[in-house]
Structures are given as C-alpha cells and as structure tokens.
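Everything below concerns the one structure shown next.
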Amino acid sequence: MAKKSHHEKDDNLVAQNKKARHDYAVLETYEAGIALTGTEIKSVRARRVNLKDGFAQLHNGELWLMNVHISQYDNGTFFNHDPLRNRKLLLHKKEIKKIAGELSTKGIALIPLKMYIKHGYAKVLLGLAKGKHEYDKRESIKKREQERQIERVLKHY
C-alpha cells in the first residue's frame, strides 16, 4: 500500500508541488492519509491547497505535515481552521520506522508531491528526496532539452 502506481488517473488531483521534482531528486514515494478537520476537508475538495513550502517531519514517532497551506473555508464560522496548522499524517508503523531510518541520513527530506482525493479520503503523496545542487538542476534542464531535440528530429523521419 505504500507505493502508488503512476498510472492512477489524476482527475481527483487537488494540488501538486511542481517545483519539488526540480529542486529535489525523489528517491522513493509513499502515500499517506491526513487527519483533517471538517472545514479543512471542504477546502481541500475546493482545491484550495498550496504544497509549495511544505515538508513532513518526525515528532514522537509520528509524522506531521508542516507548512502546507489549506485556505480557510469560505462558509466556515469561528470554528474555521488555522490555514498553516501542522497536520498528522496517517501511515503504518512499519512505514514510519522505515521513513525515520531514511530521514536520519543527512540531506534527506520528506516533501509532499501531490494531494488528491481517493475513495473520499484526502491523501498526500510524499517523496523521500535529496536536495539538488544548482549544477544538477542545469544538468536536468540540459538533458530535457536534448530529449526534446531528439523528439523533433525523429518526428521528421
């Protein structure tokens, strides 16, 4: 259940962290549930989520999603949630232990790549990632440009 297949359709995609794969080399992905309040899930369903600066952190044997902005629900009352509150991630203990081992390595971070609705529940796709250096980013861009060039040439033949 930890790994998510890439052929799953993205019609229930709520938010995507496009910059993540540019800034980080993603080593492994995990799918986790998120403990949300009532107004939060309504905002998530309305796609009012920003994953840009988000990350996950281990605290007392639990994983927490930090710095992810879920906008306040428009029709909410004074019970409305804090947009930047820390939210508990729901994973199996075995997965959390494995992630904890990986996170102890220097330079490894756990970042949210996507948030989506699956069977009525909000899920987040987390990536165990290693930060890229500036020259790695340039290398990625160069490689992508070369692949596009090859595609263009092959199209003509």
Side-chain angles (χ1 to χ4, degrees), residues 1-134 136-137 140-141 143-144:
M1 182 159 176
K3 291 194 176 135
K4 179 179 169 274
S5 59
H6 292 288
H7 61 271
E8 190 170 299
K9 53 189 186 300
D10 285 339
D11 56 355
N12 356 8
L13 186 68
V14 173
Q16 194 165 8
N17 189 349
K18 291 191 171 102
K19 202 129 175 66
R21 292 196 191 267
H22 182 265
D23 291 340
Y24 298 93
V26 177
L27 311 171
E28 205 171 338
T29 59
Y30 294 91
E31 182 182 83
I34 324 163
L36 298 173
T37 65
T39 53
E40 283 175 326
I41 188 65
K42 288 177 185 214
S43 289
V44 166
R45 288 202 171 108
R47 292 180 163 78
R48 301 196 49 207
V49 179
N50 186 349
L51 300 174
K52 192 177 68 175
D53 300 321
F55 61 95
Q57 207 171 45
L58 196 66
H59 189 68
N60 292 340
E62 297 176 336
L63 272 176
W64 291 84
L65 190 62
M66 322 283 250
N67 221 19
V68 168
H69 190 280
I70 297 179
S71 298
Q72 287 198 334
Y73 182 57
D74 291 335
N75 302 328
T77 59
F78 62 93
F79 290 115
N80 231 330
H81 62 276
D82 170 20
L84 279 173
R85 83 175 182 94
N86 299 336
R87 297 163 180 96
K88 187 175 174 181
L89 291 170
L90 310 171
L91 283 141
H92 293 284
K93 270 202 169 75
K94 196 166 63 177
E95 290 177 315
I96 292 175
K97 278 186 182 150
K98 186 178 179 199
I99 291 170
E102 295 283 349
L103 286 176
S104 62
T105 311
K106 192 177 184 297
I108 299 287
L110 191 60
I111 52 169
L113 302 173
K114 290 179 183 177
M115 191 182 286
Y116 48 92
I117 305 284
K118 183 176 176 185
H119 306 301
Y121 294 100
K123 301 282 185 183
V124 65
L125 184 68
L126 298 167
L128 263 179
K130 193 178 179 86
K132 281 186 185 177
H133 295 286
E134 200 56 46
D136 289 334
K137 293 178 192 176
S140 298
I141 292 167
K143 189 175 169 190
R144 193 168 51 232

Separation between NZ of Lys123 and NZ of Lys118, rounded to the nearest 0.5 Å: 6.5 Å
Looking at every non-hydrogen atom in both residues, tell me the closest pair between Ile111 and Gly54 and how far apart they are. CG2-O, 4.0 Å
List the atom of Ile41, the atom of Ala122, and the distance in Å for their closest heavy-atom pair. CD1-CB, 3.9 Å
Here the pair of heavy atoms bringing Asn86 nearest to Asn67 is OD1-N, 4.4 Å
Taking Met115 as the fixed residue, which of Val49, Asn12, Leu125, Asn17 is the one that meets the side-chain contact (heavy atoms from CB on, under 4.5 Å) rule? Val49
How long is the gap from NZ on Lys98 to NE2 on His92, to the nearest 0.5 Å? 13.5 Å
Would you please name every residue forming a side chain to side chain contact (heavy atoms under 4.5 Å, CB included) with His59, sequence neighbours left out? Trp64
What pairs meet the salt bridge (Lys or Arg N to Asp or Glu O under 4.0 Å) rule with one or both residues in residues 50-60, with sequence neighbours excluded? none
For residues Leu89 and Ala56, report the shortest heavy-atom separation together with the two atoms involved. CD1-CB, 3.9 Å
For Ile96, the side chain to side chain contact (heavy atoms under 4.5 Å, CB included) test, sequence neighbours excluded, returns Leu58, Leu63, Leu91
Partner residues of Glu62 under the salt bridge (charged side-chain N to carboxylate O under 4.0 Å, His left out) criterion, sequence neighbours left out: Lys88
side-chain contact (heavy atoms from CB on, under 4.5 Å) between Leu27 and Ile108, worked out: CA-CA 9 Å; Leu27 311 171; Ile108 299 287; 3.5 Å; yes
Which heavy atom of Arg45 sits nearest a heavy atom of Ile117, and at what distance? CG-CD1, 4.1 Å
I need the Glu95 CD to Glu31 CD distance, nearest 0.5 Å. 9.0 Å
Pairwise distance CD1(Ile34) to CG(Leu90) - rounded to 0.5 angstrom: 8.0 Å
